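Here is the structure we will look at, set down as structure tokens.
Please read all numbers here as calculations on a predicted model, not as lab measurements. Order of the sequence lines sets the chain letters (A, B, ...), proteins ahead of strands, with each chain counted from 1. In what follows, every heavy atom counts, from backbone to side chain, and hydrogens, waters and symmetry copies are set aside.
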Amino acid sequence: MEQLFFIIFAGIALIGAVNLLLRRNPLYAALSLLTTMAALTGLYIMLKAYFIAVIQVMIYAGAIVVLFLFVIMLFNIRVVERQTDRRGYLKWLALPFAIILIGQFVYIARLFEGNPTPVGTEVGLTEMVGRKLFTAYLLPFEVTSILILAAIIGAVVLAQKE
Amino acid sequence: MEFVIHHLLTVIVFMPTVGVVILLLHRLFGGKSEALMRWIALWVAVITFILSLPLIAGFDRLHPGMQFVERVPWIRSFGLNVDYYLGIDGLSLWLIILTTVLTVVSILSGWRVIEHHVREFLIFMLLLETGVLGVFVSLDMFLFYLFWEIMLVPMYFLIGVWGAERRIYAAIKFIIYTMAGSVLMLVAIISLYYLNAQATGQPTFDLVRITENLRTGILHLDPRVEFWLFLGFALAFFVKVPLFPLHTWLPDAHVEAPTAGSVMLAGVLLKMGTYGLLRFNLPMFPHAAAELTTPICVLAIIGIIYGALVAMVQPDLKKLVAYSSVSHMGFVVLGTFAHTEQALHGAIFQMLSHGLATGGLFLAVGVIYERRHTRLIAEFGGLGQSMPVYTGMVGILALASIGLPLLSGFVGEFLVLVGTFTSPIEHARAFTALAATGMILSAAYILWMFQRVFFGEITHPENATLPDVNGREKATLLPTVALVIVLGVVPNWFMRKMDMTVLALERRMAGVAEIHQPRRELSDQRVSASTALVNGQSVTEEVTADGNGTLGN
Amino acid sequence: MVPMSWYLALGAVLFTIGAISVIVKRDILSMLLAIELMLNSVNLTLVTFSSYFQELSGQILVFFVMVVAAAEAGVGLAIVVLLFRNRQTVDVDQASMLKL
Amino acid sequence: MDIALEAAIKTAIILFIVLTFLAYLVLFERKILGWIQLRVGPNRVGPWGLLQPLADLLKFIAKEDVTPNTPNKVLFALAPALALVPPLMALAVIPFGSTVELLGRKIALQITDINVGLLYVFALGSLEVYGIILAGWSSNSKYSLLGGLRSAAQMISYELALTLSVAGVLIQAGTLSLSEIVRVQSGYYFGVIPRWHVFWYQPLGFIIFFIAAVAETNRVPFDLPEAESELVAGYHTEYSSIKFAMFFVGEYAAMFVVSALATTLFLGGWTGPGAERVPLLGVLYFSLKTGFFLFVYIWLRGTLPRFRYDQLMQFGWKFLVPMAFVNIFISSALALWR
Amino acid sequence: MGMERLGINYSAVLPEIIMALTGVALMLMEAFWPSRSKRRAGLVALTGLGIALIATLRLWGTPRQTAYAGMIIIDDFRLLFTAIVIIASVLAVFLSWNFLEEERIQPTAYFALLLFCAVGMALLTSSHDLIMVFLGIETVTISTYVLAGYRRDDLRSTEAALKYFILGAFSSAFLLYGIALVYGATRTTNLSAIQTVLNQPLNDAERALMMVGAAMLLIGFGFKVTAVPFHVWTPDVYEGAPTPVTAFLSVGPKAAGFAAFLRVSSLVFGADFDLASAGRALQSDWISAVAVMAILTMTFGNLIAITQTNIKRMLAYSSIAHAGYVLMGIVARDWQAVAFYMIAYTVMNIGAFAVVALIARRGDERVLIEDYSGLGFRQPTLSFPLTVFLISLTGIPGTAGFVGKFWLFKSAWEAGFSMLVIIAVINTVISAYYYLYVVIVMFFREAKREIEPVPLPGAFGFTLAVTVLGTFYLGLLPTRVFSYLNQAQTAIAHLIH
């Protein structure tokens with residue numbers, strides 16, 4: 001049962017990712033990414049990481065991809081028509097590169113097959129995450145505020161009209 | 001005054017820098033008078049020269065070690081034990097004097113010629129002097145390297161700014177060649193430092209100490225390591241000398257440099273190479289030196305003959321003199337690697353002689369270049385009629401360069417030849433014969449040049465009205481002329497000061513067995529002779545108890 | 001029971017697809033999206049480790065990754081807007097006065 | 001399996017009730033607007049126009065479904081569904097009342113009580129914008145596109161204030177589960193004043209939440225995405241028939257969810273006198289409170305003019321968000337002090 | 001949960017706090033006390049940085065300790081590199097002074113971003129956990145993306161920002177994946193904890209994960225410190241970004257990147273591992289990978305730099321080459337040498353860019369090397385310092401560059417990487433060609449067209465004076481700096497064995 005769910009979600013995620021790779025219109029690419037993210041949310045729930053699952057939807061789907069769509073619409077970008085050859089060779093490089101990388105990773109992943117420890121139950125709870133975030137990870141948490149502030153200022157500075 | 005006496009070397013080395021500061025201050029206060037700048041620079045150079053004279057007087061010729069020593073800790077951290085460590089021995093003494101003399105002469109020679117950026121010219125000349133003097137007096141490898149490289153910068157500018165048409169090419173070639181050599185030396189210095197620290201547990205760049213450690217065997221080098229270290233140092237010096245295949249920067253640099261630059265280059269900078277060989281390669285890596293003697297000597301001979309042949313066909317006066325440098329410096333290298341006392345004496349003496357004679361010849365070329373703005377031999381002829389005094393002076397210099405007896409060149413080259421002939425190295429006699437050919441060739445091209453320029457009819461009418469040398473030009477040419485004569489007449493007075501140094505070098509080489517194998521009897525004789533001298537030396541050491549050879553002695 | 005390796009393999013494959021997309025895509029927006037995909041695959045890997053190890057710091061790291069991803073998206077899109085305003089294109093090759 | 005069946009039954013019932021309610025909400029809106037504007041409102045179909053929703057439904061179904069010349073028909077069709085589904089899904093975690101005993105089982109009047117309930121609602125809320133954006137883009141019309149753009153910007157901006165305003169409640173309640181939050185608010189202070197968050201500690205949070213909620217649902221005075229006087233009908237200009245109906249219902253469903261959420265978070269949800277003992281009373285209280293919010297929605301529509309776009313943004317970023325931060329600060333201080 | 005257990009220690013992050021607050025204060029100033037005066041904003045930024053520097057130096061000598069539950073570590077290494085990045089930021093403020101005025105850029109946001117970047121850099125130097133490394137890097141890069149695109153109406157600047165952004169984000173993803181895999185192998189992100197884990201044998205799966213993770217980390221760091229083959233963004237970004245920003249980019253974030261790189265390399269990979277442990281195998285692989293990277297970086301950087309006609313691009317490639325030299329220090333595991341080199345490089349490179357910025361003037365118009373012809377004697381106030389910096393970059397004795405290089409070479413030699421040293425010295429010769437070519441153009445060529453002399457504003461004059469003196473000071477009298485580094489060595493001797 002669980003494996004079936006995994007296969008479904010993973011399949012959706014892969015389809016989304018491949019679609020992202022193949023589509024030339026950024027809008028469809030964004031929607032493909034959205035699909036992948038949705039599928040990943042399902043996987044997070046399977047992994048009992050509820051908090052992560054929810055904020056995955058909130059931040060990625062609710063904020064980041066929307067922002068992308070917003071920009072795409074703002075400039076009303078349609079299909080990128082032109083096909084240049086300049087990066088053509090990269091495509092041929094990419095294929096073996098991909099095979100090597102994937103093979104390597106899958107090999108490593110397979111090494112883990114021996115020990116299917118049960119998925120944790122306690123760990124994913126919001127309360128636990130919150131507790132840890134404000135104790136052990138207090139400093140990184142505070143640092144993110146600087147990071148976001150810098151990003152906000154930066155984005156405003158760059159995108160504002162004179 | 002007390003300070004000057006106790007820090008004489010420091011004062012000499014940095015006197016020109018003081019001149020630089022004065023010139024900068026002069027600018028800062030809005031001084032515009034070029035004449036004043038020239039006078040400032042000249043006086044600074046003259047004062048430096050005068051300050052260097054007490055070195056001769058105070059030099060204790062029987063003292064085998066370093067004299068006028070100054071030593072202050074400089075960088076002390078992380079085992080980087082760098083000292084500000086100065087001192088001279090018989091090898092560096094005369095080179096310092098040569099430098100101070102030639103600087104005065106060079107500044108004088110640029111008096112009228114250099115018209116733009118006078119201040120900068122003088123600043124670079126003085127900086128160059130500091131750099132060169134620093135190289136000759138540094139006894140710390142780090143310090144040595146510092147001066148060695150610093151000296152490149154002013155020379156680079158002297159060629160690049162005040163040179164002739166292809167000056168940029170020449171300047172780049174000069175600096176790339178020299179740097180390529182010297183960074184390898186840096187690697188060698190680092191590794192030597194590291195090996196010494198490993199062996200003795202005392203990290204130091206102290207040149208004297210390391211040499212001593214190597215001699216006594218406290219620091220023992222693996223033959224392969226020694227070989228590479230030797231090459232690391234030698235390449236830097238061979239480039240500077242320049243030895244045959246590495247010489248190609250020299251004609252360009254000489255031809256393009258202004259007269260003053262050429263004088264310094266030929267007179268002093270080339271000597272840094274041979275100085276380095278004598279200071280580092282021979283005493284530190286005698287086994288490698290012995291092993292490499294034959295190829296190096298072959299290259300030196302090739303340089304001698306090749307330089308002479310090329311000089312012979314040069315239509316350009318300056319190029320001719322430049323190639324003659326290649327040839328003459330070959331003698332120095334040959335003498336250095338012949339491993340006999342006479343040859344070493346000859347090599348050192350030849351360094352001085354060549355510095356003066358070739359420097360003088362470059363000055364001489366500068367004189368007519370100023371008048372005619374050409375250096376082609378074909379443009380001249382019959383100058384003897386219009387410029388008799390000039391002709392006389394050039395004649396002496398040219399003969400000195402050829403090696404006419406009673407002039408300086410003779411002493412050096414003759415000693416080298418004799419030394420090589422008696423040398424225990426393989427093919428010593430063949431080398432001697434070939435080198436002697438070089439001497440003959442040099443007589444040929446110099447005399448031929450002299451004849452074409454000074455004798456015969458005046459073929460170009462403008463040469464007929466050329467004014468003879470004026471007072472300033474006389475002032476530049478006279479010291480060199482006078483000195484080549486003095487050197488030729490009383491060579492012993494100069495050589496005496498080097499004796500102990502040369503002896504020490506010779507003994508160091510003598511300690512290396514393999515070169516002596518072909519002629520064991522001879523080497524035995526020498527060893528006994530050396531022992532006798534050593535005994536005498538120990539006596540003198542007691543006499544000069546404080547051992548520092550300061551002015552007080 | 002889903003073995004851990006399945007998740008890890010999925011993460012690796014997604015990462016690779018993302019990396020390749022960044023390389024072959026020509027318009028900036030798609031490149032940015034592909035980078036987001038890469039970050040997502042990292043997140044999946046981290047959550048997997050975290051859940052199987054019963055150790056929370058992986059999930060905390062995911063949280064930070066999301067924050068950073070949001071910040072990066074903001075700045076990146078601002079740059080895209082600026083570029084579009086200056087040059088009316090989002091094609092990377094077009095936007096290439098500077099040599100690559 | 002029992003639990004799944006129970007959830008399915010509850011889902012069906014709640015969907016039926018809420019959708020019917022929404023249909024009548026439209027009627028009420030028209031009626032109330034009519035009264036505000038001193039006219040009668042719909043009164044032809046059935047007594048007092050009570051059958052009007054049915055007639056509307058028939059009309060929607062019967063009308064021709066026009067699809068414009070669009071670059072992507074799939075997205076065009078998908079957009080209304082994307083607008084409708086999230087609010088309906090959000091209903092799953094809203095507690096409509098306390099527990100009832102039926103056939104010997106305790107049944108909570110809430111489809112499911114997950115421990116990240118509030119975040120779940122927000123997550124779904126953040127998805128709602130997709131319907132509008134995709135509608136705007138795939139309609140291939142400038143009005144739609146502008147509407148979509150405005151909507152995206154507006155919803156992202158106000159989502160921030162909305163989320164932040166709730167942080168105060170979370171600090172007070174210490175949980176993300178909606179039923180827990182309701183339970184925290186039961187009881188009275190001084191015997192008379194209910195322990196609702198709107199009275200205790202969170203009045204500022206409540207105001208911010210409600211304003212932001214109105215903006216999130218694209219309602220007057222924040223209805224710029226569909227501003228009929230500027231953009232014809234905004235993002236759904238090109239939609240007709242049942243697709244339009246889905247947008248329509250989606251908007252009202254969102255209104256309902258937001259109101260229910262406001263009730264739950266700030267007005268004590270289903271709590272009230274006697275609600276513990278008689279669960280249906282709780283449902284009544286809940287409906288009344290939610291109805292009040294819905295009435296306010298309509299009331300606002302009847303009375304307020306529309307914001308200008310820059311005013312909207314300024315208000316959101318320069319007033320609501322800072323105030324939300326102030327609220328968080330006050331709440332934290334209070335929590336520490338207590 | 002007491003303060004002690006969390007390890008809250010405000011004084012440990014005091015420099016960061018001060019700089020962050022200054023940045024916020026600048027933004028608030030803009031809101032409540034608006035003015036386009038660069039002077040006021042600049043002074044505030046300088047004050048903040050100055051106080052932060054004092055706070056950093058006051059921590060000198062405190063015993064080595066971790067804080068915030070092991071997230072950061074306070075030791076002399078951190079203090080030293082923090083001081084370097086703050087000094088780089090201070091110099092960058094001076095450099096930006098004129099740029100802001102000429103381009104009519106609103107100064108507060110600019111300085112605020114600079115300060116936030118400084119916060120990120122300072123955190124990076126102190127991070128003791130991969131999470132902090134990641135966040136520090138991101139704080140730095142996000143600020144610098146914006147700074148690189150700050151000349152908003154100039155396409156070059158925008159494209160520079162874009163390229164920087166895409167490749168930066170791309171590399172961050174690799175870094176992150178590396179962190180994830182390392183976490184998967186060791187079940188922790190804390191550097192000491194990782195070291196402990198590595199000191200035991202790992203199973204196959206974990207070892208494989210660790211290997212790939214380490215490789216990914218290397219890629220990520222390679223991008224950040226502009227090591228070949230991950231350097232592709234550097235020339236474009238350095239060319240396109242406003243010159244003061246380029247100056248800052250080439251020293252500040254780079255120093256911070258090296259600090260983090262060194263920290264990760266030395267703490268995780270540089271310790272003395274047991275023979276059987278997983279760390280031992282990893283260590284040798286890591287070191288040889290970095291060594292190869294160092295060779296490629298310096299050789300490639302120098303060779304390409306020769307062909308450049310734009311001085312900013314030339315300095316960009318030179319900066320790549322210098323990264324190669326610094327990588328030697330990482331290979332040799334001599335962090336003091338790296339620290340000294342970064343100090344020296346900061347001083348001389350900022351100085352060089354100051355002159356370039358001044359000559360380029362408004363809109364970065366005069367950036368070709370040809371534009372420098374005839375500058376030499378016409379404006380010695382500019383040409384003389386530039387010559388000094390170029391000579392120092394070449395590594396001629398008497399200057400900071402030489403001492404730094406010398407030390408690096410010596411360390412590498414002692415660590416047994418003699419081949420690396422020889423390649424490095426050959427590279428030094430190559431570099432002499434293009435550095436001195438600029439000198440040639442300045443002094444040996446006549447000006448192609450008449451150019452009006454560039455005025456030398458006070459801020460630049462100050463910067464140039466400081467950097468020239470610093471170059472000579474570090475080159476001739478480095479003993480004092482050495483002795484500080486020496487003290488530091490004893491304090492954290494166990495960082496590198």
Side-chain angles (χ1 to χ4, degrees), chain C residues 4-5 8 11-12 15 18-19 22-23 25 28 31-32 34-50 52-55 57-58 60-65 67-69 71-76 78-87 90 92 95-100, chain E residues 129-132 134-135 137-139 141-143 145-146 148-149 152-190 193 205 209 212 216 232-233 235-240 310 313:
Chain C
M4 186 175 168
S5 57
L8 295 182
F15 187 85
V22 176
I23 295 170
K25 288 274 180 181
I28 301 152
M31 286 169 103
L32 294 185
I35 288 170
E36 296 293 342
L37 178 63
M38 289 168 80
L39 293 181
N40 260 292
S41 74
V42 174
N43 288 353
L44 178 63
T45 312
L46 281 168
V47 171
T48 308
F49 282 134
S50 172
Y52 278 85
F53 294 165
Q54 307 258 14
E55 207 273 344
S57 54
I60 307 272
L61 184 49
V62 170
F63 174 79
F64 290 126
V65 173
V67 171
V68 167
E72 272 190 352
V75 172
I79 295 173
V80 173
V81 168
L82 189 58
L83 183 78
F84 195 84
R85 204 177 281 151
N86 278 342
R87 194 144 186 190
V90 287
V92 169
S96 200
M97 265 174 67
L98 306 165
K99 293 166 260 173
L100 188 73
Chain E
D129 192 294
L130 291 174
I131 290 184
M132 285 305 294
F134 172 64
L135 286 177
I137 283 183
E138 286 302 321
T139 311
T141 47
I142 283 184
S143 319
Y145 298 148
V146 180
R152 302 190 309 133
D153 45 0
D154 184 351
L155 198 56
R156 281 179 304 170
S157 180
T158 311
E159 290 187 355
L162 180 73
K163 238 164 216 171
Y164 191 21
F165 176 79
I166 287 183
L167 288 166
F170 189 56
S171 71
S172 288
F174 274 92
L175 185 77
L176 206 52
Y177 201 61
I179 292 175
L181 294 181
V182 170
Y183 168 69
T186 61
R187 309 193 177 193
T188 177
T189 51
N190 185 284
L209 274 187
V212 181
M216 292 269 180
V232 281
W233 58 275
D236 291 340
V237 174
Y238 281 19
E239 183 190 347
N310 179 315
R313 275 186 95 81

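Contact annotation for C:T45: only side-chain heavy atoms (C-beta onward) come within less than 4.5 Å of a heavy atom of chain E. The parts of E:F174 that come within reach of chain C are both its backbone and its side chain, each placing non-hydrogen atoms under 4.5 angstrom from that chain. E:I179 touches chain C through its side chain: at least one heavy atom from C-beta onward sits under 4.5 Å away, while N, CA, C and O do not. For a residue to count as touching a neighbouring chain, one of its non-hydrogen atoms must lie under 4.5 Å from one of that chain's; by this rule C:V65 touches chain E with backbone and side chain alike. Using a 4.5 Å cut-off between heavy atoms, C:L32 touches chain E through its side chain atoms alone. With a 4.5 angstrom heavy-atom cutoff, E:L135 touches chain C only via side-chain atoms. In this structure, no portion of E:S157 lies under 4.5 Å from any heavy atom of chain C.
Residues E:A161 and C:I79 share a closest heavy-atom pair of O-CD1, 3.9 Å. Nearest approach of C:L82 to E:T158, heavy atoms of both residues: CG-CG2, 3.9 Å. The minimum heavy-atom distance linking C:I35 with E:I166 is given by the pair CD1-O, 3.7 Å. Of all the heavy atoms in C:V42 and E:A180, the pair that sits closest is CG1-CB, 4.1 Å.
Taking CD1 of E:I131 as the reference point, atom CD1 of C:I60 lies at 7.5 Å (rounded to 0.5 Å). Rounded to the nearest 0.5 Å, atoms CG (E:L176) and CZ (C:F15) are 8.5 Å apart. The CZ atom of C:F64 lies 8.5 Å from the CE atom of E:M132; values are rounded to the nearest 0.5 Å. Rounding to the nearest 0.5 Å places OG of C:S57 at 9.5 Å from CG of E:N190. Note that the OG1 atom of E:T188 and the CZ atom of C:F53 stand 11.0 Å from one another [nearest 0.5 Å]. Annotation: the span from E:E159 atom CD to C:I28 atom CD1 amounts to 8.5 Å, rounded to 0.5 Å.
Using a 4.5 Å cut-off on side-chain heavy atoms (C-beta onward), E:F170 and C:M31 make no contact. Side chains of E:F134 and C:V68 form a contact here, defined as non-hydrogen atoms less than 4.5 Å apart.
Between chain E and the residues C:A69, C:A71, C:G58, C:A78, the most heavy-atom pairs under 4.5 angstrom are made by C:G58.
Under a 3.5 Å cut-off, the side chain of E:Y183 and the backbone N or O of C:L46 do not form any donor-acceptor pair.
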